Asks: 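Please find one structure pasted underneath; my questions will follow.
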Amino acid sequence: MLSTTPYSCKIMTMIKILFFFSLLTSFLNAMPTVIVEQNDVNIKHFKLEYFVDATTKLKLHDVKSQNFETGTNSLSLGKNKTHTWIRFAITNKTAKKKKLFIHNKHAYVANKIEFYELKNNKVLSKLFIDLANKNDTQKKMYATDAIFQTTLESNETKTIYIKNIMNSMQYPYFEINDAFSSKKSVAKGNTILFIILGMLIALALYHAMLYLTSKRKEYIYYSLYLASAVVWQSFLSGMLASNFGIYFDSISREFLLSVLLIPIFLAMFSKTIFETKQKFPLEDKLLNSVVFLFSFGFLIGFYKLEIALHIASTLYFYMLIILLFTTYRFMKAGNPLALIFIIGNSVFSFFALISNLYFIGFFQYNAFVFSAAMIGILIEAILLAFILSFRIKILQKENISKDKMIFHQSKMSAIGQMIENIGHQWRQPLSQINSCIFVVESEMNHHNYQNEKIETKLHEIENFTSYMSKTIDDFKNYFTPNKQKNTFFLNELIDDTLKLLENMFERHSIIIEKNISQIVYNGYKNELQQVLLVILTNSKDILSVKNTKNAKITINIKETDEHCKIEIFDNGGGIQEDILDRIFEPYYSTKHSSQGTGLGLYISKMIIEDSMLSQLHVHNTKEGACFTILLTSTT
């Protein structure tokens, strides 16, 4: 009978523990295995292992012993991992022999691809594809896919190694299919992306045609912006590979540089739409920096594409900050297009972030995240197209305003010519009146006849004829482009104007109240007097028509840092609210047609606002109307 010592028991226990840990380690280190259990095979979601070859020189026999990391089929490994090995096992659990096709769906953006089939650590078959070699791509590529064929007997297991050499980013995606699913997968495209590209192409062509007919730069910048986006995404999505057989080689690889052209044309579009060179010098310089940096990156791409693509994401971040900042400044300045532009940029930034997070490995592959950047560009393109159409409406309104201005100028020219003719007709009667006054005064002196009242009236007639003659000169001067300003005291101008109307105010028992001080003003003295005469005469008419008791006109003059403010009040009850906004319209009058033409206030407003670049307003107070003149210059 055998006996066991305590020492031997301890040894047995240690052996069991080591065996357990050996099994556990073996389980944990077991290669991910794809199990084929059905006759119809279309497997997209499975685990695999990957190893990044930092040396870029390792061969298959060197890689086998390396520590692989576990991942999923739809992994994205991000930047600077150009040489990556993928491996997984496949087991056929069906009762029949299975012919399987392993699709590398993103092979069209790779430089080189190597497939290895192993069993019991021995290489059974292999496939090398050099996409820079046209013969390889024509014979071994199927649209966007590189396909490797393997056959498994029932319950047989094989190991697949795939070496992916890509330009900058690693985002491999695989499918395992039977023969029918393989053909279907090759025929199937990214429908969403193709629709987006078709819409962008249509928008680009439409606005290119608009540029040819209008020669407006914003149209061509918009078209080139969309064209750059289409070229970039057509290559990235595989449309060029599947439809035109264009793969990653020494020539076609330059298509990827179009990603650096997108911000250039977008910045130029922004500069043109918002007229930054004329209106926003700081923002113009910032947008110019975007154009310069991306142009520099574009030129670097012809020397070293990998470097250009590596710095592109950093430059894009800079571009988005500049666009958001400048658009905010445009919006703050009151530009109606800025809000739409900032919404478009924000939407694009959001979708571009999703796409970028996929490429750096944060998201797994699916059709949405892969196409997110293009979805963002489409939304932004539609909003930019709206901005273009809205801007055209603004420009049309500006053209209409210019036409109105031209019409107004021609009308003013005609009025000036008419006043010239009227003045010529009036000069002779006024001269005859003055001659008559001279004759009367001579006869009175000859006969030694003195009458103070007659002499006063003759003097008034002389003042009125002199004023009428000067009025003709003032109206002619208003339509003369090169008028001379002069310096005068506003209080003296008020006094001179009131003297001309003194008898009229006395006849209607109107009291004049003045709150003025000595204020020096530099401007058009005679034109301002014409305005004062019109306003004071209108106030007199209102007070007389309404038979206002204790009729009074108050004149105030105040000086501020920005204006000389002249206020003329009356206590005639004010102007009806429904016509208050119309009294400055030409030919609009509240008087009988025999009492006025309705041009006085219209011409007064033109004199103050167009000729003197100041302001004329009216509002009602508790007692009556108040006309306010804000003279903007006191120099």
Side-chain angles (χ1 to χ4, degrees), residues 460 463-464 467 470-471 474 485-577 580-581 583-584 590 600-609 611-635:
E460 286 182 8
N463 286 340
F464 275 115
Y467 167 71
K470 188 167 44 172
T471 299
D474 291 344
K485 290 183 178 181
N486 50 9
T487 302
F488 55 93
F489 288 99
L490 286 175
N491 56 303
E492 292 181 358
L493 178 65
I494 295 293
D495 291 337
D496 291 342
T497 306
L498 290 174
K499 283 181 183 178
L500 294 172
L501 302 173
E502 185 177 8
N503 290 333
M504 184 175 63
F505 289 147
E506 288 179 359
R507 194 162 54 248
H508 292 89
S509 301
I510 297 173
I511 300 171
I512 303 298
E513 182 179 302
K514 297 184 294 181
N515 299 303
I516 60 179
S517 58
Q518 278 197 343
I519 298 175
V520 177
Y521 182 73
N522 181 263
Y524 304 117
K525 179 180 178 180
N526 294 334
E527 290 187 9
L528 181 56
Q529 188 176 49
Q530 292 298 325
V531 175
L532 294 173
L533 282 168
V534 169
I535 295 173
L536 289 168
T537 302
N538 278 2
S539 294
K540 182 271 300 180
D541 292 341
I542 290 292
L543 294 170
S544 62
V545 167
K546 294 188 176 181
N547 293 317
T548 304
K549 293 182 179 181
N550 302 318
K552 183 175 70 172
I553 296 174
T554 303
I555 303 172
N556 297 333
I557 300 180
K558 301 176 184 177
E559 187 174 20
T560 66
D561 294 336
E562 297 179 356
H563 301 103
C564 284
K565 185 176 183 180
I566 302 175
E567 294 178 319
I568 302 175
F569 298 85
D570 64 54
N571 60 346
I575 303 169
Q576 296 178 21
E577 292 293 335
L580 191 62
D581 295 333
I583 64 170
F584 292 113
T590 59
L601 288 175
Y602 168 68
I603 293 176
S604 297
K605 195 169 181 68
M606 285 197 303
I607 289 173
I608 295 297
E609 296 189 354
S611 179
M612 304 181 71
L613 302 178
S614 299
Q615 300 175 47
L616 173 60
H617 305 294
V618 63
H619 68 277
N620 285 325
T621 65
K622 291 182 179 180
E623 294 185 343
C626 173
F627 285 85
T628 303
I629 302 171
L630 296 177
L631 301 173
T632 56
S633 174
T634 58
T635 58

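Keep in mind that this is a model prediction, so the values were computed, not measured.
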Asks: For I494 and K514, which heavy atoms make the closest approach, and how far apart are they?
Replies: CG2-CD, 4.2 Å
Asks: Taking C-beta and beyond as the side chain, do Y524 and M612 meet within less than 4.5 Å on heavy atoms?
Replies: yes
Asks: In Å and rounded to the nearest 0.5 Å, what is the OH to CG distance from Y521 to L493?
Replies: 11.0 Å
Asks: Return yes when atom CG of N550 has more than 12 non-hydrogen atoms of other residues, nucleotides or ligands closer than 6.0 Å, and no otherwise.
Replies: no
Asks: Can you find a heavy atom in the side chain of E559 that is under 4.5 Å from one in the side chain of L490?
Replies: no
Asks: What distance do T548 atom OG1 and I542 atom CD1 have between them, rounded to the nearest 0.5 Å?
Replies: 8.5 Å
Asks: Please tell me if the side chains of L532 and I555 come closer than 4.5 Å, counting only heavy atoms from C-beta onward.
Replies: no
Asks: Would you say F627 and V534 make side-chain contact, with heavy atoms under 4.5 Å?
Replies: no
Asks: Could you pull out the closest heavy-atom pair between H508 and M504, with the gap in Å?
Replies: ND1-O, 3.0 Å
Asks: Any non-hydrogen side-chain atom of F489 less than 4.5 Å from a side-chain atom of I519?
Replies: no
Asks: Looking only at non-hydrogen atoms, find the nearest pair between S614 and L631 and report the distance.
Replies: OG-CA, 3.5 Å
Asks: side-chain contact (heavy atoms from CB on, under 4.5 Å) for N571 and L543? Distances and angles first, verdict last.
Replies: CA-CA 7 Å; N571 60 346; L543 294 170; 3.2 Å; yes
Asks: Check step by step if side-chain contact (heavy atoms from CB on, under 4.5 Å) holds for F584 and V618.
Replies: CA-CA 9 Å; F584 292 113; V618 63; 3.7 Å; yes
Asks: K605 side chain to L616 main-chain N or O, any donor-acceptor pair under 3.5 Å?
Replies: yes
Asks: Identify the heavy atoms of S539 and I553 that sit nearest to each other, and give their distance.
Replies: CB-CD1, 3.7 Å
Asks: Would you give the length of the straight line joining atom OG1 of T497 to atom CD of Q529, rounded to the nearest 0.5 angstrom?
Replies: 4.0 Å
Asks: Quick check: closest heavy atoms across K525 and D496, and the distance to 0.1 Å?
Replies: NZ-OD2, 4.5 Å
Asks: Can you tell me how far the CG atom of N538 sits from the OG atom of S604, to the nearest 0.5 Å?
Replies: 8.0 Å
Asks: Can you sort out the partners of T628 under side chain to side chain contact (heavy atoms under 4.5 Å, CB included), two or more places apart, ordered by chain and number?
Replies: K565, E567, H619, C626, L630
Asks: Out of curiosity, I568 CD1 to I557 CD1, how far, rounded to the nearest 0.5 Å?
Replies: 8.5 Å
Asks: Verify, without hydrogens or angle tests, whether K546 (side chain) and G572 (backbone) share a donor-acceptor contact under 3.5 angstrom.
Replies: yes
Asks: First locate atom CD1 of I512, then atom CG of L501, and finally report the distance between them rounded to the nearest 0.5 Å.
Replies: 8.0 Å
